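Order of the sequence lines fixes the chain letters, A, B, ..., with proteins taken first and strands second; residue numbering starts at 1 for each chain. None of these values were measured; they are calculated from a predicted model.
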2 protein chains.
Amino acid sequence: MAHFAYYSEENYLKALYKLEQKGTRKLTNAALSKMLDLNPATVLEMVRKLEARELVSLLPDRSIQLTNTGRQKALVIIRKHRLWEVFLVDKLHYNWNEVHELAEQLEHIESADLVDRLETFLGFPAFDPHGDPIPDKEGHLKVLQSIPVTDCTPGKNYLVQHFAETSDAFLDYLQQVQVKPGIRLQVNGINAFDRSFNVSVGKRNMVISEKVAANILVLPEGANQ
Amino acid sequence: MAHFAYYSEENYLKALYKLEQKGTRKLTNAALSKMLDLNPATVLEMVRKLEARELVSLLPDRSIQLTNTGRQKALVIIRKHRLWEVFLVDKLHYNWNEVHELAEQLEHIESADLVDRLETFLGFPAFDPHGDPIPDKEGHLKVLQSIPVTDCTPGKNYLVQHFAETSDAFLDYLQQVQVKPGIRLQVNGINAFDRSFNVSVGKRNMVISEKVAANILVLPEGANQ
DNA sequence: ATCATTTATTTGGTATCCCAAATAAATGAT
DNA sequence: ATCATTTATTTGGGATACCAAATAAATGAT
């Protein structure tokens with residue numbers, strides 16, 4: 001365990017990914033320096049190291065491009081960051097706006113499976129407290145075609161995929177009514193009065209509030225993946 | 001937020017504290033080098049920095065001594081380490097022997113209150129999964145005179161201090177029966193047949209198993225702290 | 001007290017990651 | 001196209017934290 005675990009590398013990759021996502025077509029040294037609040041000389045030096053590690057490519061027009069490996073590494077860090085944020089908010093009751101700095105530190109903890117266990121412990125949240133999606137184990141941010149139960153077509157079969165809300169209260173509720181990822185769900189009807197939903201979950205029929213329905217995300221059964 | 005948060009300093013202080021606890025009377029450069037598995041030259045250099053920071057004193061006989069500040073800092077780190085270990089074992093279901101390396105990383109997360117929140121979340125465990133006591137918020141490792149309920153004198157009043165076991169199952173049980181730190185407890189009698197305990201907790205009477213009794217640690221009411 | 005061994009210290013390096021200031025190259029506005 | 005501005009790059013440093021090898025000092029065994 002090298003005393004120094006490329007803490008910086010991870011920050012550079014994350015920043016590059018964020019710039020990429022923001023739609024910046026040409027990732028420049030200047031943009032990266034500004035984002036990381038570092039001297040351009042520092043950034044250039046580091047970017048060259050990243051190139052040697054095959055995490056970025058330096059194109060002929062001197063723009064910086066994440067390689068697939070680099071992008072995947074970035075996504076793994078973002079996964080860690082977001083899962084830790086969920087932990088801080090849901091379990092340690094931080095406010096969603098207080099957790100960023102802490103997650104910045106926690107995301108660098110290196111372990112083969114700590115974050116996977118954390119994910120299980122948290123109930124496989126799909127989104128972090130800011131509503132950003134959490135990449136999966138392999139670092140894929142599949143833009144899942146999951147929809148809230150509120151958008152389901154009555155009579156059609158769905159599979160519960162994940163949950164938009166991950167508070168203790170909601171997770172307790174879900175456990176109580178035995179709703180968890182993978183279970184079959186069908187909307188039978190909506191009560192016009194309070195907009196509550198009559199649903200079949202597994203083999204049981206139950207009524208859930210609109211709020212609950214909005215936070216259960218499902219996938220049409222048979223959808224690819 | 002300096003990019004580098006004296007990660008090493010904390011390791012040195014912790015190592016010195018451990019040597020101190022082991023009863024080593026003279027903390028030498030050699031002993032510290034061996035414990036940290038670092039070159040003596042490195043250690044000497046670092047120890048001098050620690051002296052400049054007033055965390056250790058270098059005595060005339062060249063032995064190294066933690067200052068009060070240094071010792072307290074060490075205890076704060078040990079507190080963090082042990083609380084994270086409890087988290088990893090109780091919540092993420094690691095085996096007690098798998099958590100050390102991870103806790104070595106997590107203990108360096110710096111935050112004014114993260115670990116205090118973690119402590120609350122974990123139910124104020126008194127010991128880490130290895131059975132070592134967890135220092136309090138101020139870094140005091142008060143050798144508390146708390147005793148298990150199994151050692152209580154029947155009829156005498158006690159206050160629940162903390163718990164030896166911190167598994168989910170046990171904590172769930174405690175919450176169910178509303179036993180938490182600070183509540184008054186009295187042993188009314190012991191059932192000879194199964195060694196279960198008749199106790200008063202707060203205003204209620206209940207029966208707890210010997211196993212539960214052994215894991216509830218109490219302080220005689222009125223004991224000085 | 002002497003000699004060998006152990007411990008402490010000095011010296012000259014290394015790696016990571018950062019900076020300021022100078023220079024070179026590219027870009028953009030007229 | 002020219003000049004000013006913005007970028008990129010080079011150069012020379014700095015801090016932290018580590019090492020190996022040489023030297024000095026202390027310790028211990030006889």
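With sequence neighbours excluded, the residues satisfying ring-ring contact (aromatic ring centres under 6.0 Å, His included) with Phe87(B) are Phe87(A), Trp84(B). Looking at residues two or more places apart in sequence or on another chain, you find no salt bridge (Lys or Arg N to Asp or Glu O under 4.0 Å) involving Arg62(B). Every side chain to side chain contact (heavy atoms under 4.5 Å, CB included) that Leu159(B) has, sequence neighbours left out, goes to Arg184(B), Glu221(B). Not counting sequence neighbours, the partners of Arg79(B) by the salt bridge (Lys or Arg N to Asp or Glu O under 4.0 Å) test are Asp116(B), Glu119(B). Residues passing the side chain to side chain contact (heavy atoms under 4.5 Å, CB included) test with Thr153(B), sequence neighbours excluded: Lys156(B), Tyr158(B).
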Check the interface with nucleotides 9-11 of chain D: list each N/O to N/O pair with the protein under 3.5 Å, or write none.
residue : atom : partner  : partner atom : Å
dT10(D) : OP2  : Arg48(A) : NH1          : 2.7
dT10(D) : OP2  : Arg48(A) : NH2          : 2.7

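Within residues 12-19 of chain B, no residue is approached by DNA chain C to less than 4.0 Å at the level of any non-hydrogen atom.
Residue Ser8(B) places none of its side-chain N or O atoms closer than 4.0 Å to OP1 or OP2 of dT16(D). Residue Thr28(B) places no side-chain N or O under 4.0 Å from the OP1 or OP2 atom of dT7(C).
Atom CD in Glu10(A) sits about 15 Å away from atom C1' in dC17(C), given to the nearest Å. Rounded to whole Å, atom P of dA17(D) lies 13 Å from atom CG of Leu36(B). With rounding to whole Å, Leu32(A) atom CG is found 14 Å from dT7(D) atom C1'. When the P atom of dC17(C) is taken as reference, atom NE2 of His108(A) falls 11 Å away, rounded to whole Å. Between Lys49(A) atom NZ and dA15(C) atom C1' there is a gap of 8 Å when expressed in whole angstrom units. In this entry the distance linking OH of Tyr6(B) with P of dT16(C) reads 21 Å, nearest Å. Rounding to whole angstrom units, CG of residue Asp37(A) and P of dC17(C) are separated by 17 Å. Rounded to an integer number of Å, the gap from CG of Asn11(B) to P of dT16(D) is 16 Å.
Nearest heavy atom pair, residue Ile134(A) against residue Pro125(A), reads CD1-O, 3.7 Å.
An angle of 10°, rounded to 10°, separates the two end axes of the helix from dA1(C)-dT30(D) to dT30(C)-dA1(D), each defined over five pairs.
At a threshold of 4.5 Å between non-hydrogen side-chain atoms, the residues Val177(B) and Val201(B) do not count as touching.
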Show which side-chain atoms of residues 26-33 of chain A pair as donor or acceptor with protein atoms under 3.5 Å away, not counting sequence neighbours.
residue  : atom : partner  : partner atom : Å
Thr28(A) : OG1  : Ala31(A) : N            : 3.0
Asn29(A) : OD1  : Ser33(A) : OG           : 2.9
Ser33(A) : OG   : Asn29(A) : O            : 2.7

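For residues 13-23 of chain A, the pairs satisfying salt bridge (Lys or Arg N to Asp or Glu O under 4.0 Å) are Lys14(A)-Glu104(A), Lys14(A)-Glu107(A), Glu20(A)-Arg71(A), with sequence neighbours left out. Residue pairs meeting the side-chain hydrogen bond (donor to acceptor under 3.5 Å, both in side chains) criterion with at least one member in residues 34-54 of chain B, sequence neighbours excluded, are Glu9(B)-Arg53(B). Within the structure, ring pair (Phe, Tyr, Trp, His ring centres under 6.0 Å) contacts touching residues 60-83 of chain A (residues at least two apart or in different chains) are His81(A)-His100(A).
In this model, no side-chain donor or acceptor of Glu45(A) finds a partner on the base of dC17(C) within 3.5 Å.
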